[in-house]
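Let me begin by presenting the structure, written as structure tokens, before commenting on it.
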Amino acid sequence: MQIRVSTSSNIALVKYWGKSDAAINQPAAGSLSVGLDALRTNTSISTHTGADEISIAGKSDHDSIARVKAFVDHCRRSFRFTEHFLIESRNNFPTAAGLASSASGFAALAIGINRMMGLDLDSVSLSRLARRGSGSAARSVFGGFVEVIPDEDAYATVVSPADHWQLSVVVAITDEGSKQIGSTDAMNRTAKTSPYYQNWLSSHAEDLQAARRAVLDRDFDLLAGISEFNCLKMHAAIMTSRPPVIYWSAATLAVMQKVQALRDEGLPVFFTVDAGPQVKVFTLPEHEGAVAREIQGVHGVLWTIQTNTGGDPVVEVIPS
Ligand code: DP6
């Protein structure tokens with residue numbers, strides 16, 4: 001039997017940045033994200049005699065493979081099975097460029113192993129399992145708008161399904177290279193050294209509450225304001241780490257300023273940026289074409305990806 005899982009990347013509108021227990025990716029605060037339907041990881045899993053064989057297209061480096069192996073070992077220990085796997089995973093978007101490939105990647109693995117081994121995990125346990133691979137993966141086991149509840153063993157839950165409120169996202173690719181420092185290391189550095197880290201955490205609950213309200217009320221302006229504010233606060237803390245981490249390129253900033261100018265002209269639009277130089281520009285579906293054209297015209301933008309929000313996982317069982 002082979003299990004094929006397709007999961008989507010998610011973009012946080014209120015970010016996860018900082019852990020209270022790094023060994024288990026326990027976040028220091030909650031977060032709220034939405035799935036990006038067209039940015040997908042496709043993973044196939046089957047059982048295998050001998051050691052695990054793992055192939056991740058575009059990521060042959062030792063660290064990425066070791067992280068997946070550690071996750072699979074964790075599954076074997078936790079659920080007391082001995083099988084090994086043949087795992088093949090590929091993304092339809094650039095990996096390691098701040099487009100959250102670890103989120104969709106580990107969510108796909110958790111869903112696939114759950115199904116392959118008949119673990120029958122409920123959605124809370126499945127989300128917790130994915131989190132052990134990567135904190136943001138806790139959210140990608142669901143589509144739609146999703147929030148992480150940071151209880152003593154954090155998990156994600158659906159705030160509203162994707163069809164509650166359809167948004168469009170234009171992802172501006174400004175740099176295709178791998179990021180200088182991964183989010184795991186950068187968030188630990190921020191927590192240890194940024195003078196703004198405690199403020200980042202103490203103002204988080206308020207942002208989450210506003211973002212949740214905005215989603216439930218389909219209030220675009222409220223969501224725009226809170227998302228940009230939260231994103232810039234996160235980057236302020238990241239930039240003031242020692243040594244500093246600056247994820248933005250000149251084009252990142254140019255896109256952010258373009259978004260502000262478009263908003264001044266009356267378009268419903270806002271940006272968010274994760275741990276990399278790409279910018280995700282949100283708008284309403286009827287403005288997607290116009291926004292995409294404007295963003296493509298910004299100096300330094302290499303290309304764009306357009307996607308709807310959504311991102312429900314899809315699982316296929318191929319009998320042997
Ligand atoms: C900026 O989930 O990649 O995208 O738990 O160490 O794997 P680890 O970190 P990761 O961090 C995501 C950071 C972010 C914000 C977010 O997605 O909430």
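Numbering of residues begins at 1 and proceeds along the displayed sequence. Order of listing sets the numbers, starting from 1, for every ligand and every atom in it.
Ion pairing between a basic and an acidic side chain is recognised when a charged N comes within 4.0 Å of a carboxylate O; K233 and D207 show such pairing. We find that D52 and R76 are joined by a salt bridge, their nearest charged nitrogen and carboxylate oxygen being less than 4.0 Å apart.
Of the N or O atoms in N10, none lie within a sub-3.5 Å distance of an N or O in ligand 1. Between K19 and ligand 1, a contact under 3.5 Å exists for at least one N or O pair. The shortest N or O to N or O distance between W17 and ligand 1 is not below 3.5 Å.
Contact between A103 and ligand 1 is absent, with no heavy atom of the residue lying under 4.0 Å from the ligand.
For the residue pair D122/S125, the side-chain donor-acceptor check at 3.5 Å is satisfied. Residues K19 and N188 have side chains that never bring a donor and an acceptor to within less than 3.5 angstrom of each other.
Other residues, nucleotides and ligands contribute over 12 non-hydrogen atoms within 6.0 Å of the CD atom of Q260.
Among K15, Q26, M187, M234, the residue whose heavy atom lies nearest to atom 9 (O) of ligand 1 is M187. Among H235, R139, R131, the residue whose heavy atom lies closest to atom 17 (O) of ligand 1 is R139.
Close contacts between ligand 1 and N25 involve ligand atoms 5 (O) [criterion: under 4.0 Å to a heavy atom]. Residue S183 has at least one heavy-atom neighbour below 4.0 Å for each of these atoms of ligand 1: 3 (O), 9 (O), 10 (P), 11 (O). In the vicinity of S102, heavy-atom distances shorter than 4.0 Å reach the ligand 1 atoms 3 (O). Listed by number with element, the atoms of ligand 1 under 4.0 Å from a non-hydrogen atom of A275 are 1 (C). Short contacts between ligand 1 and R67, defined as distances under 4.0 Å to a heavy atom of the residue, involve ligand atoms 7 (O), 8 (P).
The heavy-atom pair separating T190 from Y197 by the smallest distance is O-CB, 3.7 Å.
Counting heavy atoms closer than 4.0 Å to ligand 1, residue S134 contributes atoms from both its backbone and its side chain. Only side-chain heavy atoms of A12 come within less than 4.0 Å of ligand 1; its backbone N, CA, C and O stay farther off. Counting heavy atoms closer than 4.0 Å to ligand 1, residue T184 contributes atoms from both its backbone and its side chain.
Q278 places a side-chain N or O within 3.5 Å of a backbone atom of T174 that can act as its donor or acceptor partner. Remark: side-chain polar atoms of R40 are paired, donor with acceptor, to backbone N or O of D37 under 3.5 angstrom. Side-chain atoms of S194 come within 3.5 Å of backbone N or O of Y196 as a donor-acceptor pair.
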